[in-house]
*Asks:* 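Dropping the structure in here first, questions after.
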Amino acid sequence: GVGKELVARQIHERSRRRHGPFVAINCAALVETLLEAELFGIEDRTATGVRGRRGKFEHADGGTLFLDEVGDLSLSAQAKLLRAIQDLAVERVGGTGSQRVDIRIVAATNRGLADLVQRKLFRADLFYR
């Protein structure tokens with residue numbers, strides 16, 4: 001309601017990445033069990049009836065990934081996100097190799113992250129990245 005995605009889209013459209021994709025995802029809406037597949041993708045036949053697909057990181061390659069409500073991610077999800085940010089690469093669920101990505105990440109939340117770090121509900125290393 002305060003226009004976080006609109007601001008992120010403006011940052012994207014006024015940058016050198018404007019010709020690349022703009023991909024937005026609401027982290028609060030992600031079910032923990034599907035988080036990795038949604039962000040990083042999943043390999044074909046990882047489980048019965050599962051079709052392989054790219055995740056949001058790969059979809060945003062060459063552009064901008066907007067992570068809304070990043071403060072709502074679990075500590076486990078934060079660790080996975082931090083790894084992808086540090087390595088600039090993602091590994092699909094069920095995959096054996098990593099895929100490099102060239103993205104700008106814009107993150108937003110309606111929660112006070114500094115307070116969440118103090119209360120050990122948000123990773124300090126992710127906060128500073």
Side-chain angles (χ1 to χ4, degrees):
V2 298
K4 296 178 291 204
E5 185 171 343
L6 179 64
V7 171
R9 191 174 295 276
Q10 287 296 310
I11 291 169
H12 172 75
E13 290 176 0
R14 294 171 189 250
S15 73
R16 292 179 297 196
R17 293 181 179 271
R18 68 183 163 276
H19 299 295
F22 177 85
V23 178
I25 188 162
N26 184 338
C27 296
L30 291 176
V31 179
E32 182 74 24
T33 55
L34 300 177
L35 173 85
E36 268 188 277
E38 193 65 30
L39 289 178
F40 309 130
I42 189 166
E43 289 293 335
D44 207 22
R45 297 187 180 105
T46 298
T48 305
V50 171
R51 295 179 55 186
R53 63 182 166 85
R54 298 184 315 155
K56 300 296 185 190
F57 271 76
E58 286 182 75
H59 281 289
D61 195 26
T64 302
L65 176 62
F66 174 55
L67 300 173
D68 195 12
E69 302 305 343
V70 73
D72 290 342
L73 290 173
S74 69
L75 289 170
S76 171
Q78 291 172 37
K80 293 169 186 171
L81 177 60
L82 178 63
R83 173 95 187 226
I85 291 170
Q86 286 177 315
D87 296 347
L88 298 176
V90 294
E91 186 173 322
R92 291 181 184 171
V93 174
T96 56
S98 60
Q99 171 74 32
R100 296 212 34 94
V101 289
D102 174 22
I103 61 174
R104 166 193 286 130
I105 296 176
V106 177
T109 186
N110 65 358
R111 303 175 74 189
L113 289 183
D115 179 54
L116 292 177
V117 169
Q118 288 286 328
R119 295 177 19 214
K120 303 211 183 295
L121 298 173
F122 197 85
R123 293 178 60 110
D125 47 2
L126 180 58
F127 176 76
Y128 288 106
R129 281 186 181 71

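Computed over heavy atoms, backbone and side chain alike; hydrogens, waters and symmetry mates excluded. Not measured: the values here are computed from a predicted model.
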*Asks:* Does anything in residues 83-129 form a ring-ring contact (aromatic ring centres under 6.0 Å, His included)? List the pairs, not counting sequence neighbours.
*Replies:* none
*Asks:* Is a donor on one side and an acceptor on the other found under 3.5 Å between the side chain of R83 and the backbone of A79?
*Replies:* no
*Asks:* If we ignore hydrogens and angles and just use 3.5 Å, is the side chain of D102 paired with the main-chain N or O of G62 as donor and acceptor?
*Replies:* no
*Asks:* Might you point out which heavy atoms bring R104 and S15 nearest each other, and give the distance in Å?
*Replies:* NH1-OG, 3.0 Å
*Asks:* For A8 and V106, which heavy atoms make the closest approach, and how far apart are they?
*Replies:* CB-CG1, 3.9 Å
*Asks:* Among R9, E13, H12, find the residue that satisfies the side chain to side chain donor-acceptor pair (under 3.5 Å) test when tested with T64.
*Replies:* H12
*Asks:* Which atoms form the tightest heavy-atom contact between V117 and A124, and what is the distance?
*Replies:* CG1-CB, 3.8 Å
*Asks:* What's the separation between atom CG in L65 and atom NZ in K56, rounded to the nearest 0.5 Å?
*Replies:* 9.0 Å
*Asks:* Where do I85 and I105 land on the side chain to side chain contact (heavy atoms under 4.5 Å, CB included) test, with the steps shown first?
*Replies:* CA-CA 9 Å; I85 291 170; I105 296 176; 3.6 Å; yes
*Asks:* With ring-ring contact (aromatic ring centres under 6.0 Å, His included) as the rule and sequence neighbours excluded, what pairs involving residues 25-45 come up?
*Replies:* F40-F57
*Asks:* Can you tell me how far CZ of R17 sits from CD1 of I103, rounded to the nearest 0.5 angstrom?
*Replies:* 8.0 Å
*Asks:* In this structure, would L39 and V93 fall into the same cluster of hydrophobic residues linked by side-chain contacts under 4.5 Å?
*Replies:* no
*Asks:* Taking all heavy atoms of V70 and all of A107, pick out the closest pair and write down the distance.
*Replies:* CG1-CB, 4.0 Å
*Asks:* Side chain to side chain contact (heavy atoms under 4.5 Å, CB included) between Q10 and V7: does it pass, once the steps are laid out?
*Replies:* CA-CA 5 Å; Q10 287 296 310; V7 171; 5.6 Å; no
*Asks:* Report whether L73 and L67 are members of the same hydrophobic cluster (ILVMFWY, side-chain heavy atoms less than 4.5 Å apart, transitive linking).
*Replies:* yes
*Asks:* Would you say F66 and L35 are hydrophobically clustered, going by side-chain heavy atoms of ILVMFWY under 4.5 Å?
*Replies:* no
*Asks:* With side chain to side chain contact (heavy atoms under 4.5 Å, CB included) as the test, would you mind laying out the steps for K80 and E36 before giving the verdict?
*Replies:* CA-CA 8 Å; K80 293 169 186 171; E36 268 188 277; 3.1 Å; yes
*Asks:* Taking H59 for its side chain and F22 for its backbone only, find out whether a donor-acceptor pair lies under 3.5 Å.
*Replies:* no
*Asks:* Check whether R129 reaches the backbone of L126 with its side chain - one donor and one acceptor, N or O, closer than 3.5 Å.
*Replies:* no
*Asks:* Of all the heavy-atom pairs spanning I42 and A37, show the shortest one and how long it is.
*Replies:* CB-CB, 4.2 Å
*Asks:* Where do T96 and E91 land on the side chain to side chain contact (heavy atoms under 4.5 Å, CB included) test, with the steps shown first?
*Replies:* CA-CA 7 Å; T96 56; E91 186 173 322; 5.6 Å; no
*Asks:* Under a 4.0 Å threshold between the charged nitrogen and the carboxylate oxygen, would E38 count as salt-bridged to R53?
*Replies:* yes
*Asks:* Can you tell me how far CD1 of I25 sits from CG of L30, rounded to the nearest 0.5 angstrom?
*Replies:* 4.0 Å
*Asks:* Could you walk me through whether D44 and R51 pass the salt bridge (charged side-chain N to carboxylate O under 4.0 Å, His left out) test, one step at a time?
*Replies:* CA-CA 5 Å; D44 207 22; R51 295 179 55 186; 5.7 Å; no
*Asks:* Roughly how far, to the nearest 0.5 Å, is the CD atom of Q78 from the CG atom of L75?
*Replies:* 5.0 Å
*Asks:* Can any side-chain N or O of E69 pair as donor or acceptor with the backbone N or O of A28 at less than 3.5 Å?
*Replies:* no
*Asks:* Can you check whether D87's main-chain N or O pairs, donor with acceptor, with R100's side chain at less than 3.5 Å?
*Replies:* yes
*Asks:* Side-chain contact, heavy-atom cut-off 4.5 Å: R54 with R92?
*Replies:* yes
*Asks:* Let me confirm one number: the CG-OG distance from L81 to S74, rounded to the nearest 0.5 Å.
*Replies:* 10.5 Å
*Asks:* Are L121 and L113 co-members of a hydrophobic cluster defined by side-chain heavy atoms under 4.5 Å apart?
*Replies:* yes
